[in-house]
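Read the structure below first, then the notes.
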Amino acid sequence: MSKNIALITGVTGQDGSYLSEFLLAKGYEVHGIIRRSSVDFRERIAHLEGTPNFHLHYADMGDSMSLVKLVGKVQPTEIYNLAAQSHVQVSFDAPEFTADVDAVGVLRVLEAVRTNHLEKTCKIYQASTSELYGKVEEVPQNEKTPFHPYSPYAVAKLYGFWIIKEYREAYNMFCCSGILFNHESERRGETFVTRKITLAAARIAQGKQDCLYLGNLDSLRDWGYAKDYVECMWLILQHNKPEDFVIATGVQHSVREFTDLAFKHAGITLKFEGEGLNENGICVAVENPANQALVGKTLVCVSEDFYRPTDVVNLWGDPTKAKNELGWNPQTTTFEQLVELMVRHDMAKVAADAEAAKVRTNLAEYLEKGIVK
Ligand code: NAP
Ligand code: F7E
């Protein structure tokens, strides 16, 4: 039997790290693309470095030659194209870079496969997104719902979606999109709303932060667990024909509901008062008596800084096709479990960071006093 060789772009990201673990456990040889950075600590995959079947290579989605050479060297049987400038708000600040990586980058991967004559042997997964539905034309959204992208990020991803479809039809390649709705985890980037909230709830509960500033609290999302979603990426490439799939939980919640539940898991009960920019989350009860001073304080404020020029406010996925054709269970991890596991992780992280800071402060003091030489 020929060996399964996966090439993952975006291996250092949230999904890339979980997908690497998933594929290594299945016996794959896994290759990942990394970029040169001034800080060479790859937090999410540090535990995998040195694993026999795990290999990292320098390349960049903006550099065709690096991709052509790498695909030729690795000879992958499956490519998971996860690399992207993935932050929607940042795409308004850096639209050209976002287009280069998220749109033209997809084309570069496809052409790297064709240049190396691997189009018959290499399957390609493209990380498409629910942001394609944007200013939604239907609720909930399924594979037939029309797209209406509503940010530079979504417009770039729309090109990625269509060029994948085009190469499938023009060159008979096995390339498909997973249209994934928001998926979160303990490894989620700290500026995405869920992680921003769970970290802030943990910090406030441990006296390290006074207030959490958020944008649109009414925004609705279908949030799932990233670890469950990477299985789907693999299932899509194991399907008997190349097709696109919506991956979602089928359950929708607001940013306000996520905030309320996250603070509850951190031992703080909030009451929301006011509207729009004047809405506040006020502490009405605490579990830990040491936090009694928080009662009556405003712990969540709305700030215009986190509003977007155009915002996607009603995402809700219909995962019926993935359930029926891939046998995937969209409810492996529920919303409630997701929020709880993220808060539990961040409560421990904030406590550990505080301990580490204490050691550093002690060391600095000992050095100053000459206790440690
Ligand atoms: P993420 O944590 O932001 O990771 C993005 C990855 O892309 C990182 O490994 C990053 O590398 C890499 N990357 C960015 N620009 C690159 C470049 N020019 N060359 C090479 N690598 C580059 O994103 P994620 O949440 O794991 O999402 C994975 C993919 O799914 C993305 O394409 C995203 O747009 C898409 N998606 C995500 C969601 C979601 O809810 N998470 C939903 C739908 C679709 P560095 O570490 O060097 O920055
Ligand atoms: O925002 C609102 C914000 O940045 C969710 C990416 O993985 O999922 C992600 O994109 C909602 C938006 O994710 C804050 O306006 C309120 O309506 O967590 P987010 P996103 O924009 O949905 C999709 C599927 C992807 O493909 C992307 O790659 O929350 N919101 N207050 C806020 N958002 C942020 N970031 N920060 C706030 O303070």
Side-chain angles (χ1 to χ4, degrees), residues 8-20 32-37 39-45 57-63 66-67 80-91 94 97-98 100-102 104-106 108-109 125-134 150-151 153-154 156-157 160-161 177-185 187-197 200 212-226 229-230 233 246-248 254-256 258-259 300-315 317:
I8 304 177
T9 74
V11 74
T12 55
Q14 172 189 255
D15 293 3
S17 65
Y18 284 122
L19 182 65
S20 298
I33 288 179
I34 50 168
R35 303 190 276 176
R36 149 83 188 137
S37 155
V39 183
D40 260 342
F41 179 54
R42 297 175 280 271
E43 196 179 2
R44 296 187 181 103
I45 54 167
H57 311 265
Y58 283 106
D60 196 291
M61 295 301 287
D63 182 339
S66 69
L67 295 172
Y80 294 86
N81 185 37
L82 310 185
Q85 189 302 95
S86 73
H87 203 284
V88 174
Q89 188 150 14
V90 171
S91 78
F97 172 74
T98 304
D100 191 42
V101 175
D102 299 13
V104 185
V106 186
R108 293 187 184 110
V109 169
Y125 170 87
Q126 166 60 16
S128 286
T129 164
S130 52
E131 289 290 309
L132 295 174
Y133 299 118
Y150 213 36
S151 66
Y153 167 78
K157 283 281 186 178
F161 177 88
S177 277
I179 306 171
L180 269 59
F181 282 63
N182 298 53
H183 44 282
E184 318 294 316
S185 72
R187 297 184 194 169
R188 184 58 143 156
E190 295 180 10
T191 59
F192 294 97
V193 77
T194 56
R195 190 77 200 287
K196 182 174 166 181
I197 294 167
L212 164 65
Y213 292 88
L214 292 172
N216 185 2
L217 298 179
D218 291 317
S219 191
L220 296 163
R221 286 290 183 276
D222 178 329
W223 280 295
Y225 187 32
Y229 282 35
V230 298
M233 299 176 184
V246 160
I247 307 300
S254 67
V255 170
R256 186 183 298 97
F258 191 105
T259 310
V300 180
C301 286
V302 176
S303 162
E304 220 168 356
D305 290 346
F306 300 105
Y307 274 71
R308 297 172 182 180
T310 49
D311 197 14
V312 171
V313 294
N314 196 0
L315 291 180

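Note that ligands are numbered from 1 as they come in the structure, with each ligand's atoms numbered from 1 the same way. Along the sequence shown, the residues carry numbers beginning at 1.
Taking distance alone, with nitrogen or oxygen atoms compared against 3.5 Å, Ala84 approaches ligand 1 more closely than that limit. Among the atoms of Glu184, none of the N or O lies under 3.5 angstrom from an N or O of ligand 1. Between His183 and ligand 1, at least one N/O pair is under 3.5 Å apart. When only interatomic distances are considered, the shortest N/O to N/O separation between Phe192 and ligand 1 does not fall below 3.5 Å. Considering both main-chain and side-chain atoms, Asp15 comes within under 3.5 Å of ligand 1 through a nitrogen or oxygen pair. Distances between N or O atoms of Phe306 and those of ligand 2 include no value under 3.5 Å. An N or O contact shorter than 3.5 Å is missing between Val101 and ligand 1 by distance.
Note: Tyr225 and Tyr18 have perpendicular aromatic rings, judged against thresholds of 30 and 60 degrees for the angle between ring planes.
In this structure, Tyr153 is part of the shell of residues with a heavy atom less than 4.0 angstrom from ligand 2. Residue contact annotation: Tyr229 has no non-hydrogen atom under 4.0 Å from ligand 1.
Side-chain contact between Val106 and Asn81: present, with at least one pair of heavy atoms (C-beta onward) separated by less than 4.5 Å.
Every ring pair (Phe, Tyr, Trp, His ring centres under 6.0 Å) that Phe192 has, sequence neighbours left out, goes to His87.
When the options Arg35, Glu43, Arg42 are ranked by their closest heavy atom to atom 45 (P) of ligand 1, first place goes to Arg35. Here atom 10 (C) of ligand 1 lies nearest to Thr12 when heavy atoms of Thr12, Leu180, Ile8 are compared.
Protein heavy atom closest to atom 34 (O) of ligand 1, with residue, atom name and distance, is Tyr153 OH, 2.6 Å. In terms of protein heavy-atom proximity, atom 31 (C) of ligand 1 is closest to Leu82 O, 3.0 Å. For atom 2 (O) of ligand 1, the closest non-hydrogen atom on the protein side is Gln14 N, 3.0 Å. Here the protein heavy atom with the shortest distance to atom 41 (N) of ligand 1 is Arg188 NH1, 3.1 Å.
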